[in-house]
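A short worksheet on the structure shown next.
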There are 2 protein chains.
Amino acid sequence: MATGSAMSWTDDEGNHDGAPGRSGDSSRRLVEAAVEAFADRGYHATTTRDIATRVGLSPAALYVHFPSKQALLTEISVVGHEAALDLVERSVTGPGSAMTRLRAAIRAFTAWHAERHRVARVVQHELAALAPEHRDRVLGMRRRIEGAVEAQLVAGNASGEMDVPDPRAVARALLSLSVDVARWYDPRGSRTAAEIGELYADLAARMVCARPDQAGNEGDRT
Amino acid sequence: MATGSAMSWTDDEGNHDGAPGRSGDSSRRLVEAAVEAFADRGYHATTTRDIATRVGLSPAALYVHFPSKQALLTEISVVGHEAALDLVERSVTGPGSAMTRLRAAIRAFTAWHAERHRVARVVQHELAALAPEHRDRVLGMRRRIEGAVEAQLVAGNASGEMDVPDPRAVARALLSLSVDVARWYDPRGSRTAAEIGELYADLAARMVCARPDQAGNEGDRT
DNA sequence: GTCTATACGATGATAGAC
DNA sequence: GTCTATCATCGTATAGAC
């Protein structure tokens, strides 16, 4: 957690008190408002007035909860990267062959970028806006994600179920494909986040499979 | 062309006069500086002073050549979209089967997003910063690009050389994969733009091919 | 914790001389 | 076509009352 000041903003749980439309947790609501604003208009185009006003607070009230606009971005980026990394690491340490694990990782990573596309947009498109010290921390997590996927490709080559001439480049391509979902995904579209995750797992399997007849799932679609 | 005021800024041709480091064409140099700045820092984070200073001009001089910062972005976005659309349309009207045409389109579109990654970043990541009237124009070009790729998938299904259950979704995925190259491509990396284009054409073929043994090229790699 | 008021630098754009 | 000087506004952040 970046600051500990807004523990559970990643969860979409309901309000904890009785007031409708008002949770009482201003920190969490400020983060949620910042995610919306940063995702829609970009970090630099978003003003602290924007964020505070969305929550129904004065501009000054923001600074009671966060020391700066930068701190809000850092919170969102770090927590978001932690969530994405966690998804991938759970998938690649789960049961099954390298192909099964790769499919699970792509399925979960992709669905997250669709389901949480606003957070994902901030995570993926505002790296350059992060302060250098936080950017380094986040880049480490990104390397772990790429390494986890690349390891499945190497394992799949070794077992013979995959045929990937350049695992590093293909790992980057697979993750890039998933990441870009956050750029174009619209929840009003015809496909659910889970459906896109499944489609992308299929595409990934076809991209790496040694014998294309087996690119389909292995009974692991739930 | 958006304004006609900077006809050939997309070309990387040398200076036309004898002065070293000084082309004399301030409009073109301003567009190039704006591309660099917008790509590195984003449209909203870039100041008109930034752009003018990079060219060695005063802030006011910019307004002799462009009526606003918005006009600079519009010029870059429209010309960039025209270039990308042209590449794809040339590829899909070229010789060969649907697979050959698809490979050519992905190869060219991907290589462009690597080779011209700064322009491409502006084109792909600053859509929301465009004024509504210009955004509409650009969205039309984007639909034509998606339509051209989708048409190859439909044709490939019909001829039997492809097996694509959802041509629209897969067309979007293929283009998304290529577009995202602009986000991460670094010319200092180990692969050239052309190599990435070729790799992505291979990946695309594997994603859509009916019989995977033929996912490789058909002698069309030049 | 929230408000009103405000400091103060940066920003897009303009005026007018050369 | 470029410059210097400047304007009006916006944006982050702070001060101090309640």
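Residue numbers begin at 1 in each chain, while the letters A, B, ... track the order of the sequences.
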Length of the [atom1]-[atom2] vector between [X] and [N], whole Å:
X: H44(A); N: dT12(D); atom1: NE2; atom2: P; value: 11 Å
X: L62(B); N: dG12(C); atom1: CG; atom2: C1'; value: 10 Å
X: L72(A); N: dT12(D); atom1: CG; atom2: P; value: 11 Å
X: L30(A); N: dA13(D); atom1: CG; atom2: P; value: 14 Å
X: H65(B); N: dA13(C); atom1: NE2; atom2: P; value: 16 Å
X: R29(B); N: dT2(D); atom1: CZ; atom2: P; value: 10 Å
X: Q70(A); N: dT12(D); atom1: CD; atom2: P; value: 12 Å
X: K69(A); N: dA10(C); atom1: NZ; atom2: P; value: 15 Å

Report task. Ignoring the backbone of S58(A), work out which of dA13(D), dT4(C), dC3(D) is nearest its side chain. Result -> dT4(C)
Query - Among dC3(D), dT14(C), dC3(C), the one nearest Y63(B) by side-chain distance - result: dT14(C)
**Report entry** salt bridge (Lys or Arg N to Asp or Glu O under 4.0 Å) involving E36(A) - partner list, sequence neighbours excluded
**Finding:**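 E36(A) satisfies salt bridge (Lys or Arg N to Asp or Glu O under 4.0 Å) with R118(A) once adjacent residues are dropped.
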Report task. Check for a donor-acceptor pair, side chain of R49(A) on one end and backbone N or O of P59(A) on the other, with a separation under 3.5 Å. Result ->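 No, because the side chain of R49(A) does not come within donor-acceptor range (under 3.5 Å) of the backbone of P59(A).
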Report task. Check for a donor-acceptor pair, side chain of T110(B) on one end and backbone N or O of I106(B) on the other, with a separation under 3.5 Å. Result -> yes
Query raised in the report: Which parts of residues 45-54 of chain B get close to DNA chain C, meaning a heavy atom less than 4.0 angstrom away?
Result: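 Here the set is T46(B), T47(B), T48(B), R49(B).
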**Report entry** CG on L87(B) to CZ on R107(B), rounded to 0.5 Å
**Finding:** 12.5 Å
**Report entry** Sugar-phosphate, base or nothing in reach of A60(B), heavy atoms under 4.0 Å
**Finding:**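 Touches a base.
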Query raised in the report: Taking OP1 and OP2 of dG12(C), is either one under 4.0 Å from a side-chain nitrogen or oxygen of S68(B)?
Result: no
Query raised in the report: Just one of R142(A), R183(A), H117(A) clears the side chain to side chain donor-acceptor pair (under 3.5 Å) bar with Q124(A), so which one?
Result: R142(A)
Query raised in the report: Which residues pass the side chain to side chain donor-acceptor pair (under 3.5 Å) test with R191(B), sequence neighbours left out?
Result: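 R191(B) satisfies side chain to side chain donor-acceptor pair (under 3.5 Å) with D166(A) once adjacent residues are dropped.
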Requested in this report: Please name the residue in the list D25(B), V55(B), L72(B) that meets the side-chain contact (heavy atoms from CB on, under 4.5 Å) test with V31(B).
Outcome: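 Exactly one pass, corresponding to L72(B).
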